[in-house]
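Atoms within each ligand, like the ligands themselves, are counted from 1 in listed order. All residue numbers refer to positions in the sequence shown, counting from 1. Owing to the predicted nature of the structure, the values given are computational and were not obtained by experimental measurement.
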Amino acid sequence: MVDRGGPLGELVQWADLSASLYILGHNLTFSTSQLHLHSVIGAAPGRGSCPIQRPLTFDLIYTDYNGLTHLQGAMGLAFQHYKCRFRIVDSFGTEPAFNLGTYARTHGYKTHWGSWSLQPKQYMTMFPHTPDNSFLGFVSEEALLHPEDREEEMEPVPIRKDNIAVVYGKQDYMWQGKEIYLEAITRKMETHGTVYQPPGRTAQLPSNIVNHGLLAQDQFLQLLKRAKVFVGLGFPYEGPAPLEAIALGCVFLQPRFQPPHSSENSNFYKGKPTTRKVFSQHPYAEEFIGRPFVWTVDMTNATEVQQTVTAILRTEVKPFTPREFTCEGMLERVHAYITHQDFCSASFSTWPPESTLRVHLGPLGQSCVHVCRHAFLVCEPALFHHLNSPTVFNRLGLSCSSIDQDVDNHLFPSYSPWGRRCGLQRDRLLFSCAGSDPAHRRLCPCRAHQAGQVALCPECI
Ligand code: UDP
């Protein structure tokens with residue numbers, strides 16, 4: 001689908017992961033066939049379940065959910081032994097409740113994906129969706145720097161723009177039903193698209209749209225450089241293009257979702273191993289970048305859209321790239337993961353160190369993702385084990401009339417005011433930043449993070 005408007009975001013991520021590993025000096029082998037995979041992992045070809053030969057031919061294996069199934073077939077019993085060395089590139093993430101097979105089956109979290117019972121940080125996501133997983137990310141275009149500036153004063157400068165908007169949507173079905181929204185934009189700006197046109201058919205778009213067809217990436221970026229606004233249509237969710245647009249000096253205009261999209265009401269999220277509720281097309285852009293770079297509107301309200309476009313046209317924005325999406329930010333993050341993440345050791349993780357822990361007791365019904373973010377911190381699941389004890393409840397002034405430690409519940413450790421019940425987590429794979437319910441006040445391990453690099457704490461690299 002690469003040439004036909006299909007998703008490219010995951011390919012961007014694989015390319016940047018591969019480049020990062022190579023630049024960091026690792027020996028890298030790519031395997032794209034089962035036969036080659038057998039030779040790479042040291043198993044004899046044609047025999048489904050043979051043990052891995054020694055010495056081991058790899059330290060880490062980066063794969064995806066489909067690759068996991070192949071590896072299981074190729075490695076047989078050795079799969080269980082070596083699974084701590086796997087890293088799963090999983091754009092939308094896998095929450096702990098879906099990951100632990102036994103729990104998922106008995107508590108209604110069983111989906112097509114998930115149930116591999118890995119450590120949740122082994123899943124590597126495209127954006128920092130839930131801190132239960134490792135945010136791998138990718139590299140966006142970098143905000144342009146003025147060539148004459150000395151290095152320490154490097155500042156992005158505004159780019160000269162034409163009065164044009166570029167619409168984010170490579171296939172024409174993404175444009176359907178968005179007429180009110182598009183009309184409000186085309187009234188104020190010349191509007192361009194990069195929509196794939198199948199041979200012998202023109203894309204079904206409003207007549208006043210200048211369609212370039214699917215562009216090669218360098219041409220697409222040239223177009224963004226000329227544009228003032230990059231317009232989201234609500235789909236695709238959470239791709240790289242809005243970050244590239246913002247890096248090239250565009251404002252990203254996108255629809256708000258009310259009610260939010262989730263596996264309960266969206267075909268796309270259905271069956272994905274996450275309970276996340278998505279309040280706009282690109283929650284990272286909305287929550288981590290925000291105004292003046294990102295404006296989120298009710299797409300069905302023509303007045304609001306027009307007023308927003310007017311306000312955007314009056315605002316001058318400079319190119320901007322969050323540090324975590326720069327080359328340096330990605331290399332720093334991948335290097336930190338490779339250096340510090342050890343999922344093979346039986347003892348609890350010591351990274352980040354306990355000194356980074358900030359314990360927060362959440363209100364009823366809030367997940368630790370929200371509790372920590374509310375305090376301008378981030379939930380750090382590797383620190384959960386430090387607060388999973390009755391003494392921590394005491395220290396917070398909570399007197400427990402009973403302590404539940406024999407029940408599986410991914411919301412534990414938590415406090416339930418009805419009956420003053422304290423719950424302790426008994427399975428480390430169930431420590432979960434995600435997850436909330438109205439009967440539990442969650443005990444949350446929060447930590448600070450570097451400016452523009454949410455995956456890393458200031459004192460831990
Ligand atoms: N892109 C491209 N040509 C186009 C439109 C987009 O090369 O006409 C690139 C864009 O620069 C980005 C990648 O496609 O790096 C993925 O973009 P998107 O955000 O659309 O994510 P997807 O939905 O494809 O995963």
Item checked: Electrostatic pair E324:R333 at N-O distance under 4.0 angstrom -> no

Note to self: For Y168, state whether at least one heavy atom is located under 4.0 Å from any atom of ligand 1.
What the structure shows: yes

Next item on the list: Look at atom 2 (C) of ligand 1 and say which protein heavy atom is nearest, naming residue and atom and giving the distance to 0.1 Å.
Entry: L215 O, 3.6 Å

Next item on the list: Note the single closest protein heavy atom to atom 1 (N) of ligand 1, along with its residue, its atom name and the distance in Å.
Entry: F220 CD2, 3.7 Å

Check: Is Y181 close to V231 at the side-chain level, that is, under 4.5 Å between some pair of heavy atoms?
Finding: yes

Notebook entry, point to check: What is the closest protein heavy atom to atom 9 (C) of ligand 1, and at what distance does it sit?
Noted result: L8 CD1, 4.0 Å

Margin query: Quick test of your reading of the structure: of E244, H282, M174, whose heavy atom lies closest to atom 12 (C) of ligand 1?
Written below: E244

Check: Which ligand 1 atoms does G239 reach within 4.0 Å, using its non-hydrogen atoms?
Finding: 19 (O), 21 (O)

Note to self: Please classify the P236 to ligand 1 contact at 4.0 Å (heavy-atom distances, strictly less than): side chain, backbone, both or neither.
What the structure shows: side chain

Next item on the list: Just say parallel, tilted or perpendicular for the rings of H410 and Y103, cut-offs at 30° and 60°.
Entry: perpendicular

Checklist line | All side-chain contact (heavy atoms from CB on, under 4.5 Å) counterparts of R291, not counting sequence neighbours | finding: W295

Check: Under 6.0 Å between ring centres, would you say that holds for Y269 and Y237?
Finding: yes

Next item on the list: Check ligand 1 against V12 and write out every atom of the ligand that is under 4.0 Å from a heavy-atom position of the residue.
Entry: 15 (O)

